[in-house]
Amino acid sequence: MGKTYERIDGRLRTFIESQPLFFTATAPLAADGTVNLSPKGLKGSFAVLDERTVAYLDFAGSTAETVAHLRENGRITLMWCAFQGPPNIVRVHGRGEAVLRDDPRFAKLVARFPDIDPSRHGLRAVIVVTAELIRDSCGYAVPLMAYEEDRDLHGRRFAREDDASLSAYFAKKEHIATSLDGLPGLPLPLPPSTV
């Protein structure tokens with residue numbers, strides 16, 4: 001039923017790019033650390049960079065667990081499920097990096113996402129994942145659900161923020177600069193955006 005792939009191309013790439021929702025999972029090295037699982041959406045915020053590398057835009061939120069875990073150990077798994085059409089689940093297990101706003105690579109990476117205005121969502125970083133293991137599985141138990149559209153709430157909420165107010169917002173949140181387990185999260189104050 002499951003198959004291992006050497007690269008993200010062809011039918012596999014088409015499947016991944018057509019999903020409106022995917023999930024990320026990370027964890028700290030500590031055995032008693034908090035495992036993080038997050039849904040990701042917003043059309044245009046995900047890109048296949050090459051046959052073994054994918055990336056997504058990391059927008060403002062109430063924690064920065066993924067950034068903290070990647071800074072500590074780099075382990076990440078991404079998962080897509082077919083909620084419509086033939087059943088399928090794809091997982092990309094790999095090494096991730098949070099490319100932050102003051103990184104020289106940041107503007108070039110953001111340019112790889114031409115179908116979304118990142119300034120409307122409080123862009124914090126670009127998460128770049130290099131695949132180490134790519135697998136699919138049947139997805140027979142995943143329910144059929146209909147996608148209607150992206151919610152506009154995130155964009156409406158963060159479009160009114162500039163760099164200074166976004167930094168102030170993050171400074172008030174308990175788990176942005178430090179993760180739930182006390183790991184370094186998003187460096188604050190937030191560097192000015194280069195895009």
Side-chain angles (χ1 to χ4, degrees), residues 8-26 35-50 53-67 70 76-92 94 96 98-99 101 106-129 131 134-163 165-166 169-170 173 175-176 186 190 193-195:
I8 301 167
D9 62 3
R11 181 187 63 79
L12 186 66
R13 180 175 180 160
T14 299
F15 172 77
I16 286 173
E17 291 179 329
S18 67
Q19 302 310 307
L21 171 72
F22 67 99
F23 300 88
T24 66
T26 59
V35 175
N36 185 62
L37 177 63
S38 296
K40 302 294 177 185
L42 296 179
K43 185 176 179 147
S45 66
F46 173 82
V48 177
L49 302 182
D50 64 39
T53 312
V54 299
Y56 68 90
L57 300 177
D58 179 61
F59 294 126
S62 58
T63 68
E65 297 305 294
T66 300
V67 171
L70 294 179
I76 188 168
T77 298
L78 307 180
M79 184 184 77
W80 296 262
C81 298
F83 294 109
Q84 298 176 341
N88 194 18
I89 298 171
V90 173
R91 289 180 182 86
V92 172
V99 178
R101 292 164 53 141
F106 184 77
K108 188 174 180 180
L109 281 167
V110 172
R112 299 293 299 266
F113 302 87
D115 297 330
I116 191 167
D117 178 359
S119 67
R120 293 183 44 79
H121 297 281
L123 181 61
R124 306 185 301 189
V126 179
I127 306 298
V128 178
V129 178
I134 307 161
R135 290 200 38 88
D136 72 0
S137 55
C138 68
Y140 291 167
V142 175
L144 288 167
M145 296 189 290
Y147 168 73
E148 293 180 25
E149 62 186 20
D150 284 348
R151 296 176 194 259
D152 67 351
L153 297 172
H154 195 272
R156 286 193 353 233
R157 164 61 185 92
F158 289 100
R160 62 182 185 247
E161 303 288 355
D162 60 18
D163 287 342
S165 65
L166 194 59
Y169 169 80
F170 289 149
K173 294 291 182 184
H175 297 296
I176 296 287
L186 195 65
L190 196 64
S193 178
T194 58
V195 295

Spacing of [X] atom [atom1] and [Y] atom [atom2] [to the nearest 0.5 Å]:
{"X": "Arg101", "Y": "Leu190", "atom1": "CZ", "atom2": "CG", "answer": "4.0 Å"}
{"X": "Cys81", "Y": "Arg91", "atom1": "SG", "atom2": "CZ", "answer": "7.0 Å"}
{"X": "Leu57", "Y": "Ile116", "atom1": "CG", "atom2": "CD1", "answer": "6.0 Å"}
{"X": "Ser165", "Y": "Phe158", "atom1": "OG", "atom2": "CZ", "answer": "10.0 Å"}
{"X": "Ile127", "Y": "Leu70", "atom1": "CD1", "atom2": "CG", "answer": "5.5 Å"}

Walk me through whether Met145 and Gln84 qualify under side-chain contact (heavy atoms from CB on, under 4.5 Å).
CA-CA 6 Å; Met145 296 189 290; Gln84 298 176 341; over 6 Å; no
Within the structure provided, determine whether [X] and [Y] are in side-chain contact (heavy-atom separation under 4.5 Å).
{"X": "Leu144", "Y": "Phe83", "value": "no"}
{"X": "Val54", "Y": "Phe46", "value": "yes"}
{"X": "Ile16", "Y": "Ile8", "value": "yes"}

Charged N-O contact under 4.0 Å between Arg156 and Asp152
yes
Among all residues two or more places apart in sequence or in another chain, which pass the ring pair (Phe, Tyr, Trp, His ring centres under 6.0 Å) test with [X]?
{"X": "Tyr56", "result": "Phe22"}
{"X": "His121", "result": "Phe59, His154"}
{"X": "Phe113", "result": "none"}

Between Arg135 and Val90, is a side-chain contact (heavy atoms from CB on, under 4.5 Å) present by the stated rule, with each step listed?
CA-CA 6 Å; Arg135 290 200 38 88; Val90 173; over 6 Å; no
Taking all non-hydrogen atoms of both residues, which atom of [X] and which atom of [Y] are closest, and how far apart?
{"X": "Ile176", "Y": "Gly61", "result": "CD1-O, 3.3 Å"}
{"X": "Asn88", "Y": "Arg11", "result": "ND2-NH1, 4.0 Å"}
{"X": "Arg112", "Y": "Val48", "result": "NH2-O, 3.8 Å"}
{"X": "Ala131", "Y": "Val92", "result": "CB-CG1, 3.6 Å"}
{"X": "Gly96", "Y": "Ile76", "result": "N-CG2, 3.7 Å"}

Does the ring of Phe170 carry Arg124 above it, NZ/CZ under 6.0 angstrom from centre and within 45° of its axis?
yes
Do [X] side-chain atoms and [Y] backbone N/O form a donor-acceptor pair below 3.5 Å?
{"X": "Asp58", "Y": "Leu123", "result": "no"}
{"X": "Thr53", "Y": "Leu49", "result": "no"}
{"X": "Ser193", "Y": "Val195", "result": "yes"}

Show me, pair by pair, the donor-acceptor contacts under 3.5 angstrom made by side chains of residues 35-45, not counting sequence neighbours?
residue: Asn36; atom: ND2; partner: Ser38; partner atom: OG; Å: 3.2
residue: Asn36; atom: ND2; partner: Thr66; partner atom: OG1; Å: 3.3
residue: Ser45; atom: OG; partner: Gly41; partner atom: O; Å: 2.7
residue: Ser45; atom: OG; partner: Leu42; partner atom: O; Å: 2.7

side-chain contact (heavy atoms from CB on, under 4.5 Å) assessment of Trp80 paired with Phe15:
CA-CA 9 Å; Trp80 296 262; Phe15 172 77; 3.9 Å; yes
Check side chain to side chain donor-acceptor pair (under 3.5 Å) between Gln19 and all other residues, then give those that pass, not counting sequence neighbours.
none
Could I get the full list of side chain to side chain donor-acceptor pair (under 3.5 Å) partners for Arg151, not counting sequence neighbours?
none
Can you list the steps and then say if Thr77 with Thr24 is a side-chain contact (heavy atoms from CB on, under 4.5 Å)?
CA-CA 6 Å; Thr77 298; Thr24 66; over 6 Å; no
